[in-house]
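All figures in this text were calculated on a predicted structure; none of them were measured in a lab.
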Amino acid sequence: MQDSIFEVVTTTTGATSIRNKRLNETMHNPVGPWLEANSLYIEQSSLRERLSSNLNQELVIFDVGLGAAANSLAAIHCARSLKKHRPLRIVSFERDLDLLRFALEKSKNFEHFYGYEGAIESLLKNSVWNSDYITWELRHGDFVSLIEKESQLADIVFYDPYSPNVNTEMWTLSLFQKLKQKCRVSEEGALLLTYSKATPVRVALLCSGFYVGAGCGTGEKDETTIAATKKDLLANPFSDRWFTRWKNSSVPYPLGTVEAEQALIREMICAHEQFQDLA
C-alpha cells in the first residue's frame, strides 16, 4: 500500500501497534491492540461465560470501529477456544477500510492475524465470513446512518471508534440513544464497553437510558467505561462519589449540548434510577 497514512510502530511497552500519521495517533497505546482487545472488551464482557451459556440462542456483538480488526478477532479467538459455544454473530461497522487493508498487508507483524488472513479477505470482498457457528459481517459506511437501519440487535457492543477529539459525531447523546434502541432486551442484559472515560460520554450514555460504571484501566487510562441495560451487570456502578463530581464538573453535558438543553440534561441525570436517592 503506497503512500499509506499508517505505519507499524512499537509502543513504549514493546507492543506492536499502528500509528495514524495524519492524526499523529498511535492506536491502543501503549499496550497494543491485542492486550487491550482482550482485557477491555473480551474479559470485561464475560464473553467466554456468555458464549458457554444459552447454547441455542445466538449472541450478537456490535464491533463499532472495526479498525484493524483486533476486537473482532479477539472475540473469534475466544469462541474457538471453547469446546462448545452458542452461535456468534459479529457485526463490524467501519467507515474507512484503509486501516484494515493496511493491517492485512502487514499481517506478519500481528500474531493474532495468523490463520485469519482469509477471513479478512472474505470480509473485505464479500462483507461476510462464516465458519463453525461464527458469522462475521461488515457494515461499510457511516455508522450514524447505518445504525438506524440495522436489523440485528446487540447483546454486547465493543465501542471503539476514534476519540471524541477527532470524531465528535460518534460520541453524542443522539447517537447513543439510537444505539440503545438496537440493544437486545433480554434476561441476560446488554453491555456496551468503551475505552473513553470522559464525563460527556458517560453523561450521554446515562441520558440514553443505560446504567453506567467504571471499567478496568488500559494503557495510560486508569479506568474505562461500561454501560449496561441492567445495573447488576456492572461491577463498579457510579454512585454518590461520581454523582458529586459530575455536579461540580466543568464539562457536565454530552458533546454538542446547547445551553437550552442543559437544564433537561441535569434533570435526566438527577432522575435516573441509578441516582434516584442522591439528587
Atom pair [atom1] ([X]) and [atom2] ([Y]), whose distance is rounded to the nearest 0.5 Å:
X: L73; Y: N38; atom1: CG; atom2: CG; result: 10.5 Å
X: L47; Y: S52; atom1: CG; atom2: OG; result: 9.0 Å
X: L138; Y: N126; atom1: CG; atom2: CG; result: 10.5 Å
X: S72; Y: E137; atom1: OG; atom2: CD; result: 11.5 Å
X: T135; Y: I90; atom1: OG1; atom2: CD1; result: 9.0 Å
X: E121; Y: S107; atom1: CD; atom2: OG; result: 8.5 Å

Quick one: does any side-chain atom of [X] pair with a main-chain N or O of [Y] as donor and acceptor, under 3.5 Å?
X: R184; Y: A154; result: no
X: T168; Y: P164; result: yes
X: D155; Y: A190; result: no
X: E94; Y: L66; result: yes
X: K221; Y: C216; result: no
X: R50; Y: L59; result: no

task: With side-chain hydrogen bond (donor to acceptor under 3.5 Å, both in side chains) as the test, would you mind laying out the steps for S131 and R80 before giving the verdict?
output: CA-CA 10 Å; S131 177; R80 286 191 154 183; 2.5 Å; yes
query: Around atom CD of E49, are there more than 12 heavy atoms of other residues, nucleotides or ligands at under 6.0 Å?
result: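 More than 12 within 6.0 Å, yes.
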- prompt: Would one find more than 12 heavy atoms of other residues, nucleotides or ligands at under 6.0 Å from atom OH of Y133?
  reply: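 Check fails, neighbour count at 12 or below.
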Does a donor on one side chain sit under 3.5 Å from an acceptor on the other, for [X] and [Y]?
X: E188; Y: N54; answer: yes
X: T225; Y: R202; answer: yes
X: Y211; Y: D232; answer: no
X: N109; Y: T16; answer: no

Using 30° and 60° as the class boundaries, would you call the ring planes of [X] and [Y] parallel, tilted or perpendicular?
X: F93; Y: F143; value: perpendicular
X: W242; Y: W246; value: parallel
X: W129; Y: W136; value: perpendicular

Heavy-atom side-chain proximity of [X] to [Y] below 4.5 angstrom:
X: C270; Y: F275; result: no
X: D98; Y: R101; result: yes
X: L88; Y: E58; result: no
X: Q152; Y: R139; result: yes
X: R95; Y: N167; result: yes
X: L99; Y: M27; result: yes
X: L179; Y: S208; result: no
X: L191; Y: L233; result: yes

To check you understand the geometry: which heavy-atom pair defines the closest contact between [X] and [Y], and what is its length?
X: I42; Y: N71; value: CD1-O, 4.3 Å
X: H272; Y: G209; value: NE2-C, 4.4 Å
X: A37; Y: A70; value: CB-O, 3.8 Å
X: N20; Y: L23; value: OD1-N, 3.0 Å
X: I18; Y: A68; value: CD1-CB, 4.1 Å
X: F238; Y: G213; value: CZ-C, 3.6 Å

query: Partners of Y116 by ring-ring contact (aromatic ring centres under 6.0 Å, His included), sequence neighbours excluded?
result: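 For Y116, the residues satisfying ring-ring contact (aromatic ring centres under 6.0 Å, His included) (neighbours in sequence not counted) are H77.
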task: Take C183 and L153 through the side-chain contact (heavy atoms from CB on, under 4.5 Å) test and state the conclusion after the steps.
output: CA-CA 5 Å; C183 289; L153 296 176; over 6 Å; no
Got a list of side-chain donor-acceptor pairs under 3.5 Å for residues 251-260, not counting sequence neighbours?
{"from": "Y253", "atom 1": "OH", "to": "R266", "atom 2": "NE", "distance (Å)": "3.0"}
{"from": "T257", "atom 1": "OG1", "to": "P254", "atom 2": "O", "distance (Å)": "2.7"}

Positive for side chain to side chain donor-acceptor pair (under 3.5 Å) with R19, one of T26, T11, N24: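 Answer after filtering T26, T11, N24: N24.
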- prompt: Between W34 and Y41, is the ring centre distance below 6.0 Å?
  reply: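 W34 vs Y41: aromatic centres not under 6.0 Å.
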Same cluster for [X] and [Y] if Ile/Leu/Val/Met/Phe/Trp/Tyr side chains link at under 4.5 Å?
X: V31; Y: Y159; value: no
X: F6; Y: V9; value: no
X: V128; Y: F62; value: no
X: F158; Y: Y162; value: yes

- request: Evaluate the criterion side-chain contact (heavy atoms from CB on, under 4.5 Å) for residue pair K178 and I147; output intermediate values, then yes/no.
  value: CA-CA 7 Å; K178 294 175 184 177; I147 192 59; 4.1 Å; yes
- prompt: So S163 and E25, side-chain contact (heavy atoms from CB on, under 4.5 Å) or not? Walk me through it.
  reply: CA-CA 10 Å; S163 69; E25 187 170 304; 4.0 Å; yes
query: Would K84 and L55 count as a side-chain contact (heavy atoms from CB on, under 4.5 Å) if you check the C-alpha gap in whole Å, the side-chain angles of each, and the deciding distance to 0.1 Å?
result: CA-CA 8 Å; K84 189 175 183 180; L55 294 179; 3.9 Å; yes
